[in-house]
Amino acid sequence: MNEKLAKLLEAVEYGKVDQKSPYPPNLKGMDGAHELTQQALDAGIRPQDILEEALIPAMGNVGRKFSENKIFVPQMLMSAKAMGASMAHLKPFFASGKIKSRGTFVIGTVKGDLHDIGKNLVAMMVEGAGWTIVDLGVDVDAGRFLEALSKNPGAVVGLSALLTTTMTNMGEIVAKIKESTPDTVIMVGGAPVNMDFCRKIGADFYAPEPRGAVDFLNQLAS
Amino acid sequence: MNEKLAKLLEAVEYGKVDQKSPYPPNLKGMDGAHELTQQALDAGIRPQDILEEALIPAMGNVGRKFSENKIFVPQMLMSAKAMGASMAHLKPFFASGKIKSRGTFVIGTVKGDLHDIGKNLVAMMVEGAGWTIVDLGVDVDAGRFLEALSKNPGAVVGLSALLTTTMTNMGEIVAKIKESTPDTVIMVGGAPVNMDFCRKIGADFYAPEPRGAVDFLNQLAS
Amino acid sequence: MKYTQLVISDPSQLIFGNTPYPVKTRRGLDIGGGQVYSELNFTLPVMSINDQTLPQVYDHYRQITEGALERALHLNSKGVILEFETLLEMTKTPAIGVEIVKIMNDICENYYQKHGLASEIRLTPNDLREFERPALQRTSRLLEPMFQLFEEGMLAGGDLLSIESTGGKEVSDEALMMCDIKAVLFSLAVLGVRDMQFLWKKIVALAGQHGKIAAGDSACGFANTAMVLAGKKYIPKVFAAMVRVISVVRSIVAMEQGAVGPDKDCAYEGPFLKAITGIPISMEGKTAACAHLSPVGNISSACTDLWSNESVQNIKLLSGMAPTAYMEQLEYDVRLMNTAIKKGTTHSHILQQLFVESDVYTDPQALVLDPANVIRISSALIRGDSYVANARNGALEFIEILEETLATGQMTLPEMESSYIPMLREELQGIPDSESDFIEMMLPQIDSSKFILSEYGL
Amino acid sequence: MKYTQLVISDPSQLIFGNTPYPVKTRRGLDIGGGQVYSELNFTLPVMSINDQTLPQVYDHYRQITEGALERALHLNSKGVILEFETLLEMTKTPAIGVEIVKIMNDICENYYQKHGLASEIRLTPNDLREFERPALQRTSRLLEPMFQLFEEGMLAGGDLLSIESTGGKEVSDEALMMCDIKAVLFSLAVLGVRDMQFLWKKIVALAGQHGKIAAGDSACGFANTAMVLAGKKYIPKVFAAMVRVISVVRSIVAMEQGAVGPDKDCAYEGPFLKAITGIPISMEGKTAACAHLSPVGNISSACTDLWSNESVQNIKLLSGMAPTAYMEQLEYDVRLMNTAIKKGTTHSHILQQLFVESDVYTDPQALVLDPANVIRISSALIRGDSYVANARNGALEFIEILEETLATGQMTLPEMESSYIPMLREELQGIPDSESDFIEMMLPQIDSSKFILSEYGL
Ligand code: B12
Ligand code: B12
């Protein structure tokens, strides 16, 4: 692999945002994702390759280490920040069509429910896998999902719920989405949700952990 | 109330089968249900009245005391035996149409399931309420219920299940019965069953305890 | 009866985690050797088992095993027994049962190799013979799948063999409802004993052949049924407690035939078996509230070697799957006992005393589990020359203890309960010593269409 | 901070069932007065709450209350607290919450009149303010339904008032995920403290007006969230344990405003509050495995006065409804503690010792709950002049204890965990004594669009 990309991969994997950032201690003073991305672009490396060969594999490693309990969330968040610093450089190329996003993922915690820690983790890991995220936040009703879908046609939807009394709102939201855009792929999750419930309300996929969501989306995209 | 009927009521309520029976100790040597029924018939009391004014109220008292935990099952079983001794005298009048049974109750534990203690208790208490019982035993499939219904048109059906893996057989049996005789009233019970499940499989009634079953049947009959 | 002397005759020696004849397992558990282990039990949620659903069935058992062992590992467990008590279809079609054992055993092995967590599977096939009435205890074709599952299942990793056998149940069911203690005694001390002799000779031989562990058989359909009925106030507790005592002479036959324990949970004969034979036992109490409510929540742990939850469905609770949650509860219970053992006899005895005193006078069924009473009753249970006499003597000793306790005022019983005491004593006293005399006495009184004497070798 | 001295400074006095300032209730419970009681918590199964389903909702609560009290009665319970922690709809529309309190209270009263079983309802409305972001802690219209439910609910029989208030949570959520201890401290010791002062002044006044009991507030959304995240290995346990310690300075504000306990379960600040203020507390551990898994299953009961299961859905288990089963489990746990109390201090201390030693060195979150450590940390928590200084001092004392323990070898931590210790210490040491200095230091570092200072009186 190109040495520049290898360095960028390392910076993202270990959460080195930019040269000034103190974290991680062992990379102190060295270039971060910010600088390394600029250098890669300057060296004429294709933006698509930067994404596919450095950022996504880096976040893939991070996700794997996280699933294996080898790192904690803050480390993962630092990597996500580093990736963000890199993505800032790549943004224009998405707009111009030079990079194709893997797809758009609209996620939210359903109406009545304010639990968002799990949802945020899922969003972060999906973003790391190269998807564009539209995070609608918490307490989101069907209308707002439909609106987001009309702005992002073809997006995959993710619903999160942590309360047994808001899980039922998931069913409603799924029904309304399937009514207006039957082809929309919908994924559900959250502690009280399970595969049976997912089937029952007519959603397409359930994963107990973000990892499963990422794997499923990657399959969709490939 | 007629004194003879009052005595019969007492004999049944306290489980005095016949003169010879040693139980209950405090009625030792006295006439039991067997003798008292004969005497009532000899005195020209209408068979229907014997049933309605002595036996059913006696068993009603027994059922109430049982639900209130004032007596144990053996006492209830002795009363059921005493009622049986009385019914032996009344049987011809059912055949001739002089007594109208409250109805027929077909009960069984569903396919794959051998638990019958609960089912037997329900059968006994329903019998005490003046219903004719057809007990199909345990491990009963849909075919046998349909057969019993064709022999006893209009009968109410009771299904019992104690295993989470045989509960699902209840659903099948209910479906088949409702298909062939949609008007059949079906009641379900057993420890793992509940109201939601009853609704889900399309049965008509669920009771956690025999008392509820009796109340429901009595309403049906009235 | 083979045993004529108690292996443990001092109540202070009858304590959790220790027994004279511990059982060592393949992956290194030392049951009864100074440590209490959890025994997790579980079952499917509401679903059918058929060709279409089999993959889901297997998934459930995979998920249960993984969830439980992962949690046990997280809690630094010293080791776990997983009881796989089959559902009917899994014994009727032994291939299903065997496949599940394999799935579970692979996971156990993986946790053992990768993390050093030791676990073993107790394999408990169904006694299918109860599907035929009258039962063909010895000649039934249904014995074949049962033993196929025993054999192939143990080879697949089901190292501990148990069953809740049902010999005599055709008589006991009605006898319980009628509170007919003589019929109960007939069903357990005559029919049950004879069926156990037949069945356990075979199980022990098979286990011996493959170097596996013939564990034990609980009188669940008798004593546990009685407890549940008493819990619903359908029959007197006094009666249910007595059924438990009588069931000892039936369940001990497994040991007479060579079973070595750990005895199976759920019927609470364990403490008596431990006192008489010295084998390790499994018990359940408060942490089996998922399976049935109990009048012996704490006292049941007083002298146990495994601590079980009897059964819980694989359904979702707020924390996660129910078997995982129960694994955690068992582990913490067991930690408490093991900490006491580690600190020495003063601590273990005080903890045992608290277990005992918290329940002992609340219910006759708790009273019989006080280690001192277990020893007294056990002595009576081996005093006579026949199973019948022993069962009767044990039951009478229980009445003695009960009356002494009532006399001290430490325990009170409502009239409804206490009025059964003299009736029961009178009936027991009418029971002769000899089995044949007893059979002769009982045959006219029981509905003989219900069972076939020759199927019991009579 | 109001408290400058410990009410309980001797670890041997910090024990279950007893506290210097017990709380007596209407139906005669004497919480902390020599007896541990069960506190049962429960919730609906999967369902919506709306006009159509309201009758079913009420039925669920009726069934739960009856099932639980019937079981408690059967087990000779000395008394029960039923926590009614509302679901959103029940606070948003207070009439629903009030109706449920009435239903429950009628059943409680009936069991009291008919059977002498004493029970009380702890009423815990939702903190609706978290629906608005940035939160309007003081000016929100949502305060109205909350206080309507408090007032009408207490009049309907919800005698014990609690809430899991959320002041500061808008900062804490992200801080937890980032393991940013300074931001956590800011959210708890600045924002949380100020919001608690505002909220609890009102609750205490209302309770006083009607002769009801202002009980307490747990930092569930902070400390319990941290524990769940640590349980999933998302954040270090060392960090989660420290969050718990810091949350004390926030939760104690309820007492400063006049709350008298029993403090609410679920955040485990209880033992510290008990040591500092002498109020009775509620804790949860192994028997809350239905609600969340726990690293403090036994040790959490070491000095509790109520013993809780946190929450369980009203779903069917094999034995019956889940709340009934959990009622039974709690009652047996509590019986064990009460038997020990009855037998005297030797027994209670040995039982406590077993609770403590069975968990203490398995997890930093358990370590902080050892009564001796609770006292040490509590002393540090009242040493300074500001909530900020106190929180920092408590957290540093925890690090001392942790390092001492690690040094003895009794406890070991993986590198992933231990590497956080110096980082945390360094960050803590940078925190100034004065609140205003600290605010000045933090404001540039936190996303200030998330909260409104004036809503915290700043
Ligand atoms: C007794 C018993 C047995 C006895 C049955 C004796 C008999 N003749 O019935 C024996 C030992 C044979 C037995 C066997 C088995 N059992 Co079993 N058994 C029990 C036990 C302990 C008590 C059941 C009982 O009789 N209760 C008392 C009666 C009076 O209550 P009831 O049946 O609920 O009935 C009442 C109400 O439900 C209602 N009712 C009942 N039927 C109906 C019908 C209608 C229409 C209405 C309105 C009302 C109604 O009224 C009744 C009176 O109040 C339960 C444990 C428990 N906690 O319930 C386990 C239990 C039901 N058994 C269980 C199991 C697993 C088994 C076995 C598979 C064990 C094995 N591995 O071999 C076998 C299966 C045999 C089979 N194919 O059915 C599990 C079920 C788990 C699951 N997955 O579903 C339980 C829950 C035990 C446990 N905790 O694990 N069992
Ligand atoms: C933290 C927490 C809170 C915090 C929330 C903070 C926040 N910003 O999210 C606060 C304190 C605010 C809170 C409030 C309440 N909570 Co809360 N809370 C919890 C707690 C302790 C942890 C949840 C959590 O964050 N877990 C960690 C995350 C990482 O896990 P997760 O959410 O499950 O997500 C993972 C997976 O599920 C999956 N996932 C999640 N979403 C999605 C989506 C997709 C598409 C996919 C594929 C995967 C996926 O991936 C994630 C990462 O692994 C749980 C207890 C528990 N055992 O879960 C209770 C719990 C969920 N809360 C509960 C309750 C009752 C409440 C309140 C009603 C309390 C009250 N009376 O006020 C309020 C309701 C507020 C509201 N309207 O939502 C109950 C729910 C009971 C019920 N009936 O359903 C629980 C179970 C606690 C309990 N045991 O009683 N709570």
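Keep in mind it's a predicted model, so treat the numbers as computed, not measured. No hydrogens, no waters, no symmetry mates; every other heavy atom, side chains included, goes into these values.
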Discussion item. Taking side chain as everything from C-beta outward and backbone as N, CA, C, O, which of these in B:Gln75 sits under 4.5 Å from a heavy atom of chain C? Side chain, backbone, both or neither.
Written reply: side chain

Worksheet item: Any residues in residues 174-188 of chain B near chain C, with a heavy-atom distance under 4.5 Å, and which are they?
Response: none

Item to complete: Quick one: pull up CG in B:Asp139 and CZ in C:Arg133 and give me the separation to the nearest 0.5 Å.
Response: 11.5 Å

Practice prompt. Quick one: pull up CZ in B:Phe72 and NZ in C:Lys237 and give me the separation to the nearest 0.5 Å.
Written response: 8.0 Å

Side-chain atoms of residues 206-219 of chain B: list all donor-acceptor pairs with protein atoms under 3.5 Å, sequence neighbours left out, distances to 0.1 Å.
residue  : atom : partner  : partner atom : Å
B:Tyr206 : OH   : B:Val193 : O            : 3.3
B:Glu209 : OE1  : C:Tyr234 : OH           : 3.1
B:Asn218 : OD1  : B:Arg102 : NH1          : 3.1

Fill in: Side-chain heavy atoms of C:Leu229 within contact of B:Ile117, under 4.5 Å
yes

Worksheet entry | Residue B:Glu68 excluded, over 12 heavy atoms near CD under 6.0 Å | yes

Worksheet item: Is there side-chain contact between C:Phe239 and B:Pro74, with at least one heavy-atom pair below 4.5 Å?
Response: no

Worksheet entry | Between C:Met416, C:Glu174, C:Lys233, the one whose heavy-atom pairs under 4.5 Å with chain B are most numerous | C:Met416

Item to complete: Tell me, for B:Asn69 versus chain C, whether the close heavy atoms (under 4.5 Å) come from the side chain, the backbone, both or neither.
Response: both

Fill in: B:Met78, part contacting chain C, at a heavy-atom distance under 4.5 Å
side chain

Item to complete: Please list, in residue-number order, every residue in residues 42-50 of chain C that has a heavy atom less than 4.5 Å from any heavy atom of chain B; write 'none' if there are none.
Response: C:Leu44, C:Pro45, C:Val46, C:Met47, C:Ser48, C:Ile49

Worksheet entry | Other residues, nucleotides, ligands: >12 heavy atoms within 6.0 Å of B:Lys81 NZ | no

Below 3.5 Å, can you tabulate the donor-acceptor pairs from side chains in residues 88-100 of chain C to any protein atom, sequence neighbours excluded?
residue : atom : partner  : partner atom : Å
C:Thr91 : OG1  : C:Thr86  : OG1          : 2.8
C:Thr91 : OG1  : C:Asn126 : N            : 3.0
C:Thr91 : OG1  : C:Asn126 : OD1          : 3.0

Worksheet item: Heavy-atom distance under 4.5 Å to chain C: side chain of B:Ile71, backbone, both or neither?
Response: backbone

Worksheet item: So what's closer than 4.5 Å to chain C heavy atoms on B:Asp116: side chain, backbone, both or neither?
Response: side chain

Worksheet entry | Side-chain heavy atoms of B:Asn120 within contact of C:Met177, under 4.5 Å | no

Worksheet item: If you count heavy-atom pairs under 4.5 Å with chain C, which of B:Thr165, B:Asp113, B:Asn169, B:Leu163 comes out on top?
Response: B:Thr165

